[in-house]
Enquirer: 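One structure, pasted below without further comment.
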Number of protein chains: 2
Amino acid sequence: MAENDKQTEERIFEAATDVFIEKGMDGARMQDIASHAGINKALLHYYFRTKEQLFNAVFEMVARKIIKKFAPVFDENLSLEAKIRFFFKEHLTFLQENPRLPAFFLNEMNRNPSRIKKILSGVDIDKLWLKLYSQHKEELKNYNLTEETMPQLLTSIVALSVFPFAARGIIEGVLEKMGIDFDKYIETRKTFAAEFVIKAISRP
Amino acid sequence: MAENDKQTEERIFEAATDVFIEKGMDGARMQDIASHAGINKALLHYYFRTKEQLFNAVFEMVARKIIKKFAPVFDENLSLEAKIRFFFKEHLTFLQENPRLPAFFLNEMNRNPSRIKKILSGVDIDKLWLKLYSQHKEELKNYNLTEETMPQLLTSIVALSVFPFAARGIIEGVLEKMGIDFDKYIETRKTFAAEFVIKAISRP
DNA sequence: TTTACTTTTGACCCGTTGGTTAAACTTTAT
DNA sequence: ATAAAGTTTAACCAACGGGTCAAAAGTAAA
């Protein structure tokens, strides 16, 4: 039973994840989730009392998954340049496997800004920030970067990786018109973005 | 009457724009729009038969507004570097005045990908692309950029400008934790992003 | 002032949707 | 075997939400 339990609850959770990511909280229908899981709507409410609760469970899992993907950058013992290359390769591969995550996450974040604090409270951003900064203090000086420009640099790096998926529809449409394949474009991007950033921060 | 007509219809349109941008198509309620416009729900349907129709009107207007902001870059007679600086200043200022546009636009685009073709069909992307490329053929050669890397470069530029607003919630939250103001961050970004890109494409 | 027309409204309709309930069915423990 | 506990279902409910309608209010021309 604990067996079957897990199975049913997990089936529900996976179905919910799929539907919520595709349609968003507002667009998703409980009946749709139930059908996807191959069960009754009442059973859905038996495992997750309300739509809100179910959504929260899914969203938190997605948030954890996303944040986890940023962590290695702080741990790996690599030079700054190597870290940048490492990040784009790893992160873009992750997004290739989960192409709808950025749009879903960003949208739900905007829909309900109060989540931000909750998610951010779980991570000591400032600590990580300082850690990264002190790890590469020497290099950064070499690159002519101050502590002040760190937010600009880091958001730029994330932007270059995430944006193509957040705006996938339009980008795919534009690329298509010029005979370029999106997957190929992303593959190229893994190295392009890294070299782009490295060159941008290098001394002339 | 034609006077009052315009007034009412315009009030409705503006109210609809506000509500749709804030809540999205799925989250918006006709009653909410009516209240915002200070009118009856029936009157709403008198001017715009259905929710879909009203939404389409709003969305098309937003799309035009956004696309219009990209056009000048192709027309201005400036060097590539000047164009890059011009773009970031102009575009980020535009987004400061319309901070919710990116999230709304991207989300609705993902929700209904068929819009993409319709919007893209209105613009000769490939022509503009070539125009931009031929305008700066000499410089690009100088910068060591080929025609192949143009998509990577252009999407990167857009990403650096749009992403901070598409992910505003999170970025604002992170910045806040380190005592940085979002508006200040954007102000800094106008020059940072431009210099970042210019340096990235410059020869060593 | 009457007539013809447009604009605005309150009341109503009805399909959808999140959520409930009571009973049937399974499993586990005694 | 049987009682107790957990699991699953069909049927149901209330309210929400887009959309309609007929009548009232306003406007302009004859």
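To find a chain, count down the sequence lines: A is the first, B the second, and so on, and within it residues start at 1.
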Enquirer: Can a donor-acceptor pair be found between the side chains of A/Ser161 and A/Arg189 at a distance below 3.5 Å?
Expert: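 Result is no, nothing qualifies.
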Enquirer: Please confirm whether the shortest side-chain N or O distance from A/Arg29 to OP1 or OP2 of C/dG18 is below 4.0 Å.
Expert: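 It does, given that an N or O in the side chain of A/Arg29 lies less than 4.0 Å from OP1 or OP2 of C/dG18.
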Enquirer: Select one nucleotide: of D/dG18, C/dT9, C/dG18, the one nearest the side-chain heavy atoms of B/Asn40.
Expert: C/dT9
Enquirer: How long is the line joining OH of B/Tyr46 and P of C/dT6, in whole Å?
Expert: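 Whole-Å distance recorded here is 7 Å.
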Enquirer: Under the criterion ring-ring contact (aromatic ring centres under 6.0 Å, His included), I'd like the reasoning laid out for A/Phe70 against A/Phe94: C-alpha separation, chi angles, the key distance, then a yes or no.
Expert: CA-CA 11 Å; A/Phe70 285 96; A/Phe94 169 68; 8.5 Å; no
Enquirer: Mind checking if B/Ala28 touches a base, just sugar-phosphate, or nothing, with heavy atoms under 4.0 Å?
Expert: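 Touches sugar-phosphate only.
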Enquirer: Whole angstrom is fine here: how far is it from CD in B/Glu52 over to P in D/dG17?
Expert: 18 Å
Enquirer: Of the non-hydrogen atoms in A/Leu106 and A/Ala166, which two are nearest, and what is the gap between them?
Expert: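 Closest heavy-atom pair between A/Leu106 and A/Ala166: CD1-CB, 4.0 Å.
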Enquirer: Distance only, no hydrogens: is a donor on one side chain within 3.5 Å (strictly under) of an acceptor on the other, for A/Ser35 and A/Gln31?
Expert: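 Yes, a side-chain donor-acceptor pair sits under 3.5 Å.
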Enquirer: Are the side chain of B/Glu81 and the backbone of B/Glu195 linked by a donor-acceptor contact shorter than 3.5 Å?
Expert: no
Enquirer: Rounded off to whole Å, could you give me the CG-to-P distance for the A/Leu44 and D/dA10 pair?
Expert: 15 Å
Enquirer: In whole angstrom, what separates A/Gln7's CD from D/dT8's P?
Expert: 10 Å
Enquirer: Where the side chain of B/Leu43 is defined as all heavy atoms beyond and including C-beta, which of C/dT7, D/dG19, C/dG19 is the nearest nucleotide?
Expert: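 Among the listed nucleotides, the one closest to the side chain of B/Leu43 is C/dT7.
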Enquirer: Nearest to the side chain of B/Lys41, which nucleotide is it out of C/dG18, D/dG18, D/dT9?
Expert: D/dG18
Enquirer: Counting only side-chain nitrogens and oxygens, does B/Tyr47 get under 4.0 Å of the OP1 or OP2 atom of C/dT8?
Expert: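 Checking B/Tyr47 against C/dT8: at least one side-chain N or O falls below 4.0 Å of OP1 or OP2.
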Enquirer: Starting at atom CE of B/Met25, determine the distance to atom C1' of D/dG18, rounded to an integer number of angstrom.
Expert: 10 Å
Enquirer: Measure from the side chain of B/Ala42, starting at C-beta and using heavy atoms only, and say which of C/dT21, C/dT8, D/dT20 lies closest.
Expert: D/dT20
Enquirer: Separation of A/Arg49 atom CZ from C/dT20 atom P, in whole Å?
Expert: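 One finds 9 Å between P of C/dT20 and CZ of A/Arg49, rounded.
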Enquirer: A/Met30 CE to D/dC13 P: how many Å, rounded?
Expert: 21 Å
Enquirer: D/dT7, OP1 or OP2 - any side-chain N/O from A/Thr8 closer than 4.0 Å?
Expert: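 For D/dT7, OP1/OP2 do not have a side-chain N/O of A/Thr8 under 4.0 Å.
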Enquirer: Tell me which nucleotide among C/dG18, D/dG18, D/dT9 gets nearest to the side chain of A/Ile39.
Expert: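 Looking only at heavy atoms from C-beta outward on A/Ile39, the closest nucleotide is D/dT9.
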